[in-house]
Structure formats: structure tokens, C-alpha cells
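Presented below is the structure to which this report refers.
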Protein chains: 2
Amino acid sequence: MKPDTTVELTSLFEYFKKFNPLSLEAEHAIASISKAIDVKKNTVLQPIGHTCKTIYFIKKGLARIYYFKDGVDITESFAFENNSVARVESLFTGVASKKAIQLIENSELVAINATQLFKLYDTYPQIERLFRLIVESAYVETIHRIESIQFHTAEERYKILIKEAPDVLKRVPLKYIASYLGITQVSLSRIRGLK
Amino acid sequence: MKPDTTVELTSLFEYFKKFNPLSLEAEHAIASISKAIDVKKNTVLQPIGHTCKTIYFIKKGLARIYYFKDGVDITESFAFENNSVARVESLFTGVASKKAIQLIENSELVAINATQLFKLYDTYPQIERLFRLIVESAYVETIHRIESIQFHTAEERYKILIKEAPDVLKRVPLKYIASYLGITQVSLSRIRGLK
DNA sequence: ATAAACACTTAACATAAGATAAATAATCAC
DNA sequence: GTGATTATTTATCTTATGTTAAGTGTTTAT
């Protein structure tokens with residue numbers, strides 16, 4: 001019988017396979033620096049002001065990255081199941097993050113120790129390649145996000161969001177969606193009220 | 001005496017050194033898939049609608065990535081000397097780019113064949129690592145750009161720009177700066193007129 | 001040197017989104 | 001279940017930015 005971790009990490013390795021399938025040995029190496037955790041709704045994983053040293057994979061549930069701008073809670077991004085989430089601007093620079101990760105639902109996560117992960121890059125080029133591809137993919141998404149923020153009206157952005165991620169509306173409080181779209185909750189209500 | 005290419009690529013390899021120093025062999029491998037080109041002001045390097053297969057390094061000069069939104073010319077980003085520029089959202093996906101790269105000044109570039117570069121990744125893990133680090137760095141910049149666009153007023157964004165890149169103002173037409181800031185040229189003039 | 005094209009500013013008006021406040025509606029703790 | 005939070009909507013007024021148009025200044029090509 002397989003050890004527990006392997007079973008728990010099945011969906012993580014499925015996720016990896018979409019980018020770069022790993023050898024069993026490489027999978028075990030990642031398993032050895034990862035642990036599965038259950039987190040209650042509204043939990044904040046790491047406080048603002050700490051350097052990000054963990055990459056989370058969401059087996060089940062829903063998270064957001066947020067921060068405070070002039071005392072106002074701003075949602076930078078959402079992350080759904082079968083995706084990873086990390087405070088990248090801290091992870092890749094070592095600078096303390098001004099952001100936090102919060103779970104919007106009761107969630108099941110895999111926490112990967114990034115410090116140890118980066119060390120695995122030397123031994124397993126396939127792991128370095130895997131995360132290179134994951135980052136490239138996230139980078140492309142971020143570029144699309146810029147186009148969306150900069151060159152669509154708030155109403156267009158709202159319509160695009162509910163078209164591309166109708167789930168969001170059911171699972172995420174509107175106040176979080178509003179700041180994600182770059183507007184106030186009042187404006188979002190107004191837009192929703194149209195027609 | 002060194003071959004010509006080595007001399008011409010000095011600044012490129014200096015740029016690489018900031019991320020991941022390469023062996024001479026790896027440098028030669030990159031040199032063999034690169035060529036130095038001189039480009040006149042206003043030249044568009046590749047037409048919109050083609051898949052991006054080239055990474056450019058700017059030895060001298062200044063470029064912008066732009067596209068058309070509802071017929072209006074929008075500048076997505078600028079790239080100055082000693083930096084690289086590519087239409088990443090096409091490069092990493094194979095999808096035809098809706099964007100073009102244009103030189104704002106007479107420029108000296110190094111064109112790196114990306115298709116061949118990606119093949120080098122198998123032979124030279126150090127090259128794969130180099131570009132992983134370059135992309136991670138660009139990704140972090142893009143995340144900061146989102147914060148800037150989404151949560152500062154146009155006036156704040158303008159002030160940040162002239163503080164962080166005062167060069168831009170001297171070398172880039174205001175119409176390009178305006179769309180980069182996400183506003184019209186008229187709005188930018190108005191902001192500049194204040195005080 | 002001149003005309004044409006381009007770059008930038010200014011003005012008047014229209015509109016989308018912000019700020020504040022108050023009213024419902026939904027959820028949570030006990 | 002009841003009261004207390006929290007979430008959402010609605011209304012009013014203000015403000016920043018868009019749109020259009022016209023005018024001035026600056027390059028560029030011949």
C-alpha cells in the first residue's frame with residue numbers, strides 16, 4: 001500500500017502533469033517537503049510582513065491574496081482548487097510581503113516548502129523546469145490581467161469575470177470581487193443593478 | 001582575437017550575469033542563435049498577428065510593446081537599454097500575438113531565436129535557469145505594475161513614473177506615456193498642467 | 001523654405017466611478 | 001430563534017477622466 005502522502009498528493013501531481021510530468025523519484029522529493037493541511041474558512045495563512053517561503057496548492061476550497069491600501073482591504077487575486085498560490089513578489093525577491101493569503105472557504109491545501117523546493121532544482125532539473133513552466137503560465141495570466149484592468153471599463157471587467165469564472169459570484173463575497181475589479185463595492189452594486 | 005559576435009554581445013552577457021553567469025560554452029551556444037541588428041526609429045520589428053519567436057535584447061535605444069484596442073494605439077510597456085523585450089504572452093503560448101514591438105529611437109538590438117533557445121534548455125540547464133530567473137523577475141515587475149494601475153490615480157501613476165524613470169519623459173512621446181498610464185493624452189496634459 | 005504631418009495643450013461638456021450615509025438583507029454566535 | 005454582525009443595495013452629491021474640437025508648437029519631407 002502506498003504511503004499516505006502519495007494518496008493525499010494525487011491532485012497535486014495531476015496538476016504538475018499538465019506542465020511537466022515528474023519521475024516517481026522527483027515526486028517523492030516534492031512529497032518530502034510538502035504537507036497536507038486543512039484550513040478553516042477566513043483563516044489567514046501567513047501574516048502580512050513576513051517573507052513568503054511557502055507555495056500552496058489548493059486541493060479543495062478557495063483562497064485570495066489581499067493587502068491594505070490606505071487602510072482599505074484590496075483583493076489582488078483569487079485561487080481556486082487545483083491551482084497553486086503564493087505571494088510571488090516576496091517568494092522571488094526575499095522581500096517581506098505586504099500581502100496575505102486568506103481562505104474564503106474551508107479548504108484542503110498542500111503546503112510546499114519553497115526554500116527546500118528551490119534546493120531541489122539543482123538535483124532535479126525536471127522540477128526546475130516544472131516550476132519554470134508554472135511561473136511562465138502565471139506570468140501570461142498576469143499580463144492578460146493588466147490588459148483587462150487597464151483597457152476595459154469596470155462594467156466590462158465584471159461581465160468578463162462572470163462569464164469566465166461564474167463560480168466566483170457564488171463563492172466569493174461581492175466586497176472582495178469589487179476590489180479585485182478595482183472599484184468600490186458601491187460601484188459594483190450599481191453595475192449589477194443595471195438592467 | 002575574439003570573433004566579432006563575442007564583442008557585440010558583451011552587454012548581453014553582462015545582463016545575463018546579473019541573473020545567472022554562464023560558462024563560455026553556454027555563451028557561445030547563445031551567440032550562435034543570436035544576431036546583432038541595427039534598427040531605425042519607428043521601425044516595427046514584427047507585425048501584429050504573428051507568433052513571437054524572438055527575444056530581443058536592447059544594447060542601445062528604446063522600444064515599446066503596443067497594440068490596438070478599438071482602433072486606439074495602446075502602449076503596454078517600454079523597454080530601455082540593457083533589458084530584454086518579447087511578446088511573452090505569445091512566446092510562452094504559441095498563440096499569435098495581438099501586439100507589436102516598435103523602436104522609439106534608433107536602436108541596436110540582439111535578436112535571440114527563441115525556438116532554438118528553448119532547445120538549448122535541454123543541453124544547458126544553466127541557460128534554462130538563466131531564463132527562469134529573468135522571467136521570474138519580469139513577473140514580479142508585472143505584479144507591481146498591477147498594483148500601480150489598479151490602486152493609484154492617474155496623477156499618482158504619472159508622478160511615480162517621472163520619479164522612477166525620469167528618462168521616459170525625455171525620450172518618449174507623451175501620447176505613448178498616456179496610454180501606458182491608462183489614460184488619454186488629453187487627461188495626461190491636464191495632469192501635467194496642474195501646478 | 002514651405003507645406004504637411006505630428007505632438008501637445010486647452011476648453012466645454014458628458015459620464016463613470018468615488019464618498020458618504022442610510023436602508024435592507026443575509027449570516028453568525030449564543 | 002433572537003440579537004448582533006456582516007453583506008449588499010440605493011440615493012445623493014462630488015470628482016476624475018473621457019470625448020470632441022480647436023488651437024499652437026514642433027518635426028519631417030521635399
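Lettering of chains follows the sequences in order, A, B, ..., and the numbering in each one begins at 1. From a predicted model like this one, the values you see are computed outputs, not experimental measurements.
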Which label fits B/Phe57 and B/Tyr15: parallel for a plane angle under 30°, tilted from 30 to 60°, or perpendicular past 60°?
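Rings of B/Phe57 and B/Tyr15: tilted, 30 to 60°.
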Between A/Arg192 and D/dT8, is there a side-chain N or O to OP1/OP2 distance below 4.0 Å?
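Looking at the OP1 and OP2 atoms of D/dT8, neither is under 4.0 Å from any side-chain N or O of A/Arg192.
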Distance check needed: [N] [atom2] versus [X] [atom1], whole Å only.
X	N	atom1	atom2	result
B/Gln185	D/dA16	CD	P	21 Å
A/Tyr176	D/dT6	OH	P	11 Å
A/Leu174	D/dT6	CG	P	17 Å
A/Asn42	D/dT5	CG	C1'	13 Å
B/His152	D/dT17	NE2	P	13 Å
A/Arg190	D/dT15	CZ	C1'	12 Å
B/Ile149	D/dT17	CD1	P	14 Å
A/Lys175	D/dT5	NZ	P	15 Å

Classify the nucleic acid contact of B/Ser189 as base, sugar-phosphate or nothing, counting any heavy atom under 4.0 Å across all strands shown.
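Base contact.
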Side chain proximity check, A/Leu161 to A/Ile177, heavy atoms < 4.5 angstrom
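Touching, per the 4.5 Å side-chain cut-off.
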Considering non-hydrogen atoms only, spot the tightest contact between B/Asn20 and B/Gln126 and give its length.
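The answer is ND2-O, 3.1 Å.
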Is B/Arg132 salt-bridged to B/Glu136, going by a charged N under 4.0 Å from an acidic O?
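Yes.
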If you only use heavy atoms from C-beta on, which nucleotide in D/dA11, D/dT8, D/dT17 is closest to the side chain of B/Ile183?
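So the side chain of B/Ile183 is nearest to D/dT17.
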Which nucleotide in D/dT8, D/dT19, D/dT28 has an atom nearest any side-chain atom of B/Thr184:
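So the nucleotide nearest the side chain must be D/dT19.
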Does B/Lys69 NZ have over 12 foreign heavy atoms under 6.0 Å away?
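Yes, because the 6.0 Å sphere around NZ of B/Lys69 holds more than 12 heavy atoms from other groups.
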Just wondering, are more than 12 heavy atoms of other shown residues or ligands nearer than 6.0 Å to NZ in B/Lys60?
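Counting other residues, nucleotides and ligands, NZ of B/Lys60 stays at 12 neighbours or fewer.
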Determine whether B/Lys35 and B/Val110 satisfy the following criterion, side chain to side chain contact (heavy atoms under 4.5 Å, CB included), listing intermediate values before the conclusion.
CA-CA 6 Å; B/Lys35 60 176 183 183; B/Val110 179; over 6 Å; no
Nearest heavy atom decides the nucleotide; on that basis, is B/Pro173 or B/Val186 closer to the 5' end of DNA chain C?
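So the residue in question is B/Pro173.
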Earliest and latest nucleotide of DNA chain C, 5' to 3', sitting under 4.0 Å from a non-hydrogen atom of chain B?
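That gives a stretch of C/dA7 to C/dA12.
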